[in-house]
There are 2 protein chains.
Amino acid sequence: MGVSKTEIFTKQQNEIAVFMKAFSHPARISILQNLFEKDTCVCGDLVKEIGLAQATISQHLKELKLLGLIKGKVEGTSVCYCIDEAVWKHMKTLLNTFLDHDIKNQDTCC
Amino acid sequence: MGVSKTEIFTKQQNEIAVFMKAFSHPARISILQNLFEKDTCVCGDLVKEIGLAQATISQHLKELKLLGLIKGKVEGTSVCYCIDEAVWKHMKTLLNTFLDHDIKNQDTCC
DNA sequence: TTGTTTCATTGCAATAATACGATAAATATA
DNA sequence: TATATTTATCGTATTATTGCAATGAAACAA
(Lines give C-alpha, C1' and ligand atoms only; values in the text may rest on other atoms or scores of the structure.)
Protein backbone atom coordinates (compact mmCIF):
# COMPACT_ATOMS: atom_id res chain seq x y z
CA MET A 1 0.00 0.00 0.00
CA GLY A 2 2.77 2.41 0.12
CA VAL A 3 4.18 2.89 3.56
CA SER A 4 1.85 4.15 6.26
CA LYS A 5 3.47 6.93 8.25
CA THR A 6 2.93 5.29 11.61
CA GLU A 7 5.56 7.50 13.26
CA ILE A 8 3.39 10.61 13.19
CA PHE A 9 0.58 8.94 15.13
CA THR A 10 0.27 8.01 18.78
CA LYS A 11 0.94 4.51 20.06
CA GLN A 12 -2.74 4.15 20.85
CA GLN A 13 -3.90 5.25 17.41
CA ASN A 14 -1.57 2.75 15.78
CA GLU A 15 -2.63 -0.05 18.09
CA ILE A 16 -6.31 0.57 17.44
CA ALA A 17 -5.66 0.58 13.69
CA VAL A 18 -3.76 -2.71 13.89
CA PHE A 19 -6.60 -4.52 15.64
CA MET A 20 -9.17 -3.00 13.29
CA LYS A 21 -7.13 -4.20 10.33
CA ALA A 22 -7.25 -7.74 11.70
CA PHE A 23 -11.05 -7.48 11.50
CA SER A 24 -11.12 -5.83 8.09
CA HIS A 25 -11.59 -9.05 6.14
CA PRO A 26 -14.79 -11.13 6.24
CA ALA A 27 -12.80 -14.38 6.31
CA ARG A 28 -11.19 -13.38 9.59
CA ILE A 29 -14.55 -12.28 10.99
CA SER A 30 -15.93 -15.68 10.03
CA ILE A 31 -12.99 -17.54 11.54
CA LEU A 32 -13.40 -15.76 14.86
CA GLN A 33 -17.16 -16.27 14.89
CA ASN A 34 -16.55 -19.96 14.29
CA LEU A 35 -14.07 -20.10 17.15
CA PHE A 36 -16.60 -18.42 19.42
CA GLU A 37 -19.27 -20.93 18.51
CA LYS A 38 -16.72 -23.68 19.09
CA ASP A 39 -16.87 -27.17 17.52
CA THR A 40 -14.74 -25.89 14.67
CA CYS A 41 -11.57 -25.40 16.61
CA VAL A 42 -9.56 -27.23 13.99
CA CYS A 43 -8.07 -25.65 10.89
CA GLY A 44 -9.48 -28.29 8.53
CA ASP A 45 -13.00 -27.69 9.84
CA LEU A 46 -12.66 -23.98 9.15
CA VAL A 47 -11.55 -24.70 5.59
CA LYS A 48 -14.69 -26.79 4.98
CA GLU A 49 -16.91 -24.33 6.81
CA ILE A 50 -15.72 -21.19 5.06
CA GLY A 51 -14.88 -22.36 1.57
CA LEU A 52 -11.52 -20.78 0.88
CA ALA A 53 -8.43 -22.77 -0.02
CA GLN A 54 -6.53 -24.36 2.84
CA ALA A 55 -3.50 -22.16 2.21
CA THR A 56 -5.65 -19.05 2.41
CA ILE A 57 -7.28 -20.01 5.71
CA SER A 58 -3.90 -20.92 7.13
CA GLN A 59 -2.63 -17.48 6.15
CA HIS A 60 -5.55 -15.70 7.85
CA LEU A 61 -5.02 -17.81 10.96
CA LYS A 62 -1.39 -16.79 10.98
CA GLU A 63 -2.29 -13.10 11.01
CA LEU A 64 -4.69 -13.53 13.91
CA LYS A 65 -2.11 -15.60 15.76
CA LEU A 66 0.62 -13.01 15.18
CA LEU A 67 -1.58 -10.39 16.81
CA GLY A 68 -2.15 -12.71 19.75
CA LEU A 69 -5.92 -12.86 19.30
CA ILE A 70 -5.84 -16.63 18.87
CA LYS A 71 -3.55 -19.41 19.96
CA GLY A 72 -3.05 -22.85 18.47
CA LYS A 73 -2.45 -26.20 20.11
CA VAL A 74 -1.14 -29.12 18.08
CA GLU A 75 -3.20 -32.28 18.50
CA GLY A 76 -1.81 -35.10 16.44
CA THR A 77 -1.78 -34.05 12.83
CA SER A 78 -4.30 -31.28 13.34
CA VAL A 79 -4.16 -27.95 15.15
CA CYS A 80 -6.78 -26.61 17.51
CA TYR A 81 -7.23 -22.86 17.48
CA CYS A 82 -8.86 -20.82 20.24
CA ILE A 83 -9.43 -17.21 21.19
CA ASP A 84 -6.96 -15.80 23.72
CA GLU A 85 -9.33 -14.38 26.27
CA ALA A 86 -6.88 -11.92 27.84
CA VAL A 87 -5.86 -10.39 24.52
CA TRP A 88 -9.46 -10.26 23.37
CA LYS A 89 -10.43 -8.32 26.49
CA HIS A 90 -7.52 -5.92 26.07
CA MET A 91 -8.52 -5.36 22.48
CA LYS A 92 -12.14 -4.70 23.40
CA THR A 93 -11.17 -2.15 26.03
CA LEU A 94 -8.91 -0.40 23.56
CA LEU A 95 -11.45 -0.28 20.75
CA ASN A 96 -14.14 0.97 23.10
CA THR A 97 -12.07 3.98 24.12
CA PHE A 98 -12.33 4.93 20.47
CA LEU A 99 -15.89 3.81 19.68
CA ASP A 100 -17.56 5.14 22.81
CA HIS A 101 -16.93 8.83 22.22
CA ASP A 102 -19.73 11.25 22.91
CA ILE A 103 -20.79 13.33 19.99
CA LYS A 104 -20.64 17.00 20.92
CA ASN A 105 -21.56 20.14 18.99
CA GLN A 106 -24.24 18.37 17.03
CA ASP A 107 -26.02 21.73 16.86
CA THR A 108 -23.22 24.17 16.19
CA CYS A 109 -21.96 22.50 13.04
CA CYS A 110 -23.11 20.49 10.02
CA MET B 1 -4.80 -7.34 -2.84
CA GLY B 2 -6.31 -9.80 -5.05
CA VAL B 3 -10.07 -9.96 -4.99
CA SER B 4 -11.73 -10.71 -1.69
CA LYS B 5 -14.41 -13.37 -2.14
CA THR B 6 -17.17 -11.39 -0.50
CA GLU B 7 -19.87 -13.57 -2.06
CA ILE B 8 -19.13 -16.53 0.19
CA PHE B 9 -19.69 -14.52 3.37
CA THR B 10 -22.85 -13.22 4.98
CA LYS B 11 -24.07 -9.67 4.53
CA GLN B 12 -23.31 -9.01 8.18
CA GLN B 13 -19.78 -10.36 8.00
CA ASN B 14 -19.04 -8.17 4.99
CA GLU B 15 -20.57 -5.09 6.60
CA ILE B 16 -18.54 -5.55 9.78
CA ALA B 17 -15.36 -5.95 7.73
CA VAL B 18 -16.09 -2.79 5.74
CA PHE B 19 -16.45 -0.64 8.86
CA MET B 20 -13.38 -2.21 10.43
CA LYS B 21 -11.41 -1.41 7.30
CA ALA B 22 -12.40 2.24 7.63
CA PHE B 23 -10.73 2.19 11.03
CA SER B 24 -7.68 0.23 9.94
CA HIS B 25 -5.49 3.28 9.31
CA PRO B 26 -4.20 5.56 12.09
CA ALA B 27 -4.85 8.66 9.98
CA ARG B 28 -8.55 7.88 9.88
CA ILE B 29 -8.58 7.12 13.60
CA SER B 30 -6.95 10.49 14.17
CA ILE B 31 -9.38 12.31 11.88
CA LEU B 32 -12.37 10.88 13.71
CA GLN B 33 -10.88 11.62 17.11
CA ASN B 34 -10.34 15.20 15.97
CA LEU B 35 -13.92 15.46 14.79
CA PHE B 36 -15.11 14.16 18.15
CA GLU B 37 -13.05 16.72 20.01
CA LYS B 38 -14.39 19.39 17.68
CA ASP B 39 -12.65 22.69 16.89
CA THR B 40 -10.96 21.06 13.92
CA CYS B 41 -14.05 20.50 11.84
CA VAL B 42 -12.36 21.96 8.78
CA CYS B 43 -10.21 19.99 6.35
CA GLY B 44 -7.34 22.47 6.49
CA ASP B 45 -7.18 22.22 10.26
CA LEU B 46 -6.92 18.45 10.02
CA VAL B 47 -4.04 18.77 7.57
CA LYS B 48 -2.10 20.98 10.01
CA GLU B 49 -3.06 18.87 12.98
CA ILE B 50 -2.14 15.49 11.52
CA GLY B 51 0.81 16.28 9.29
CA LEU B 52 0.03 14.42 6.09
CA ALA B 53 -0.26 16.13 2.70
CA GLN B 54 -3.55 17.85 1.91
CA ALA B 55 -4.28 15.39 -0.90
CA THR B 56 -3.80 12.47 1.46
CA ILE B 57 -6.12 13.82 4.14
CA SER B 58 -8.71 14.62 1.49
CA GLN B 59 -8.53 11.04 0.31
CA HIS B 60 -9.05 9.64 3.81
CA LEU B 61 -11.98 12.00 4.32
CA LYS B 62 -13.49 10.75 1.09
CA GLU B 63 -13.38 7.15 2.29
CA LEU B 64 -15.07 8.00 5.56
CA LYS B 65 -17.68 10.07 3.72
CA LEU B 66 -18.38 7.27 1.25
CA LEU B 67 -19.16 4.96 4.15
CA GLY B 68 -21.47 7.59 5.58
CA LEU B 69 -19.58 7.93 8.85
CA ILE B 70 -18.99 11.64 8.26
CA LYS B 71 -20.71 14.37 6.30
CA GLY B 72 -19.31 17.61 4.94
CA LYS B 73 -20.85 21.04 4.70
CA VAL B 74 -19.32 23.68 2.42
CA GLU B 75 -18.72 26.99 4.16
CA GLY B 76 -17.23 29.49 1.78
CA THR B 77 -13.96 28.12 0.53
CA SER B 78 -13.61 25.62 3.33
CA VAL B 79 -15.52 22.45 4.19
CA CYS B 80 -16.72 21.49 7.65
CA TYR B 81 -16.77 17.78 8.39
CA CYS B 82 -18.79 16.14 11.13
CA ILE B 83 -19.67 12.68 12.38
CA ASP B 84 -23.03 11.36 11.22
CA GLU B 85 -24.53 10.35 14.53
CA ALA B 86 -27.07 7.89 13.14
CA VAL B 87 -24.54 5.98 11.05
CA TRP B 88 -22.06 5.99 13.92
CA LYS B 89 -24.66 4.41 16.22
CA HIS B 90 -25.59 1.81 13.63
CA MET B 91 -21.91 0.96 13.19
CA LYS B 92 -21.39 0.63 16.93
CA THR B 93 -24.33 -1.71 17.31
CA LEU B 94 -23.08 -3.83 14.44
CA LEU B 95 -19.52 -4.06 15.70
CA ASN B 96 -20.68 -4.90 19.20
CA THR B 97 -22.62 -7.92 17.98
CA PHE B 98 -19.23 -9.20 16.90
CA LEU B 99 -17.03 -7.93 19.73
CA ASP B 100 -19.33 -8.86 22.61
CA HIS B 101 -19.26 -12.62 22.17
CA ASP B 102 -18.95 -14.75 25.22
CA ILE B 103 -15.97 -17.04 25.26
CA LYS B 104 -17.11 -20.60 25.84
CA ASN B 105 -15.19 -23.84 26.24
CA GLN B 106 -12.21 -22.09 27.70
CA ASP B 107 -11.55 -25.31 29.62
CA THR B 108 -12.20 -28.00 27.06
CA CYS B 109 -9.70 -26.75 24.51
CA CYS B 110 -6.35 -24.98 24.17
C1' DT C 1 -11.57 40.97 -13.57
C1' DT C 2 -7.51 39.20 -11.21
C1' DG C 3 -5.50 37.00 -7.62
C1' DT C 4 -6.04 34.16 -3.30
C1' DT C 5 -7.60 30.54 -0.51
C1' DT C 6 -9.36 26.04 0.17
C1' DC C 7 -10.51 21.61 -1.07
C1' DA C 8 -11.07 17.73 -4.58
C1' DT C 9 -9.16 15.00 -8.33
C1' DT C 10 -5.83 12.95 -11.25
C1' DG C 11 -1.79 10.43 -12.13
C1' DC C 12 1.88 7.94 -10.58
C1' DA C 13 5.34 5.20 -7.75
C1' DA C 14 5.92 2.24 -4.05
C1' DT C 15 4.21 -1.30 -1.21
C1' DA C 16 0.74 -4.34 1.08
C1' DA C 17 -2.99 -7.76 0.87
C1' DT C 18 -5.62 -11.68 -1.14
C1' DA C 19 -5.87 -16.10 -3.11
C1' DC C 20 -4.25 -20.47 -4.51
C1' DG C 21 -1.30 -24.31 -6.47
C1' DA C 22 2.61 -26.78 -5.23
C1' DT C 23 5.36 -28.55 -1.88
C1' DA C 24 7.44 -29.29 2.66
C1' DA C 25 7.02 -30.89 7.44
C1' DA C 26 5.05 -33.43 11.05
C1' DT C 27 2.31 -36.98 12.92
C1' DA C 28 -0.51 -41.00 12.68
C1' DT C 29 -1.69 -45.52 10.62
C1' DA C 30 -1.13 -49.87 8.15
C1' DT D 1 9.03 -48.70 6.58
C1' DA D 2 5.65 -46.88 3.54
C1' DT D 3 1.38 -44.30 3.09
C1' DA D 4 -2.09 -41.14 4.37
C1' DT D 5 -3.63 -36.98 6.82
C1' DT D 6 -3.16 -32.39 8.24
C1' DT D 7 -1.17 -27.96 8.43
C1' DA D 8 2.47 -24.51 7.22
C1' DT D 9 5.22 -22.27 3.88
C1' DC D 10 6.78 -20.71 -0.69
C1' DG D 11 6.15 -18.67 -5.03
C1' DT D 12 3.44 -15.96 -7.86
C1' DA D 13 -0.40 -13.42 -10.17
C1' DT D 14 -3.66 -10.03 -9.30
C1' DT D 15 -5.59 -6.16 -7.12
C1' DA D 16 -5.89 -2.62 -3.32
C1' DT D 17 -3.86 0.96 -0.47
C1' DT D 18 -0.93 4.80 0.79
C1' DG D 19 1.19 9.08 -0.21
C1' DC D 20 2.20 13.13 -2.69
C1' DA D 21 2.97 16.58 -6.53
C1' DA D 22 0.43 18.78 -9.85
C1' DT D 23 -3.64 20.50 -11.39
C1' DG D 24 -8.84 21.74 -11.27
C1' DA D 25 -12.77 23.84 -9.37
C1' DA D 26 -15.26 26.88 -6.48
C1' DA D 27 -15.84 30.78 -3.51
C1' DC D 28 -14.02 34.98 -1.75
C1' DA D 29 -11.42 39.53 -1.75
C1' DA D 30 -9.44 43.49 -3.82
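This one's a predicted model, so the numbers in the text were calculated from it and none came from an experiment. The sequence lines fix the lettering, A, B, ..., with proteins before strands; numbering per chain opens at 1.
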Distance in angstrom units between B:N14 CG and C:dT18 P, rounded: 13 Å
Please enumerate all residues that pass ring-ring contact (aromatic ring centres under 6.0 Å, His included) together with B:F98, with sequence neighbours excluded. A:F23, A:W88
Could you work out which one of C:dA19, C:dT9, D:dT18 sits closest to the side chain of B:K62? C:dT9
The side-chain hydrogen bond (donor to acceptor under 3.5 Å, both in side chains) partners of B:T10 (sequence neighbours excluded) come to B:Q13
Nearest-Å distance for atom pair CD/C1', residues A:E75 and C:dA26: 15 Å
For B:Q54, all residues meeting side-chain hydrogen bond (donor to acceptor under 3.5 Å, both in side chains), sequence neighbours excluded: none
Heavy-atom nearest nucleotide on DNA chain C for A:G76 versus A:A53: which residue maps closer to 5'? A:A53
With salt bridge (Lys or Arg N to Asp or Glu O under 4.0 Å) as the rule and sequence neighbours excluded, what pairs involving residues 52-70 of chain B come up? B:R28-B:E63
Rounded to the Å, how far apart are A:I8 CD1 and D:dG19 P? 7 Å
Starting at atom CZ of B:F23, determine the distance to atom C1' of D:dT17, rounded to an integer number of angstrom. 18 Å
If you look at every heavy atom in A:L67 and A:V87, which pair is closest and at what distance? O-CG1, 4.2 Å
I want to verify a distance call: between D:dC20, D:dT18, C:dA19, whose nearest atom is closest to the B:H25 side chain? D:dT18
B:K5 side-chain N/O to C:dC20 phosphate OP1/OP2 under 4.0 Å: yes
How would nucleotides 2-8 of chain C be written as a contact map, 5' to 3', with B for base contact, S for sugar-phosphate-only contact and - for no contact, using protein heavy atoms under 4.0 Å? ---BSBB
Whole-Å distance between C:dT18 P and A:L52 CG? 11 Å
In whole angstrom, give the distance that lies between atom NE2 of B:H60 and atom C1' of D:dT17. 9 Å
Kindly indicate whether the side chain of B:K11, heavy atoms from C-beta on, has any atom under 4.5 Å from the side chain of B:E15. no
Restricting to salt bridge (charged side-chain N to carboxylate O under 4.0 Å, His left out), what partner residues turn up for B:K92, sequence neighbours left out? A:D100
Using whole Å, report how far CG of A:L64 lies from P of D:dT7. 16 Å
Donor/acceptor link under 3.5 angstrom from A:Q59 side chain onto base of C:dC20: yes
Between B:E63 (CD) and D:dG19 (C1'), how many Å, whole number? 12 Å
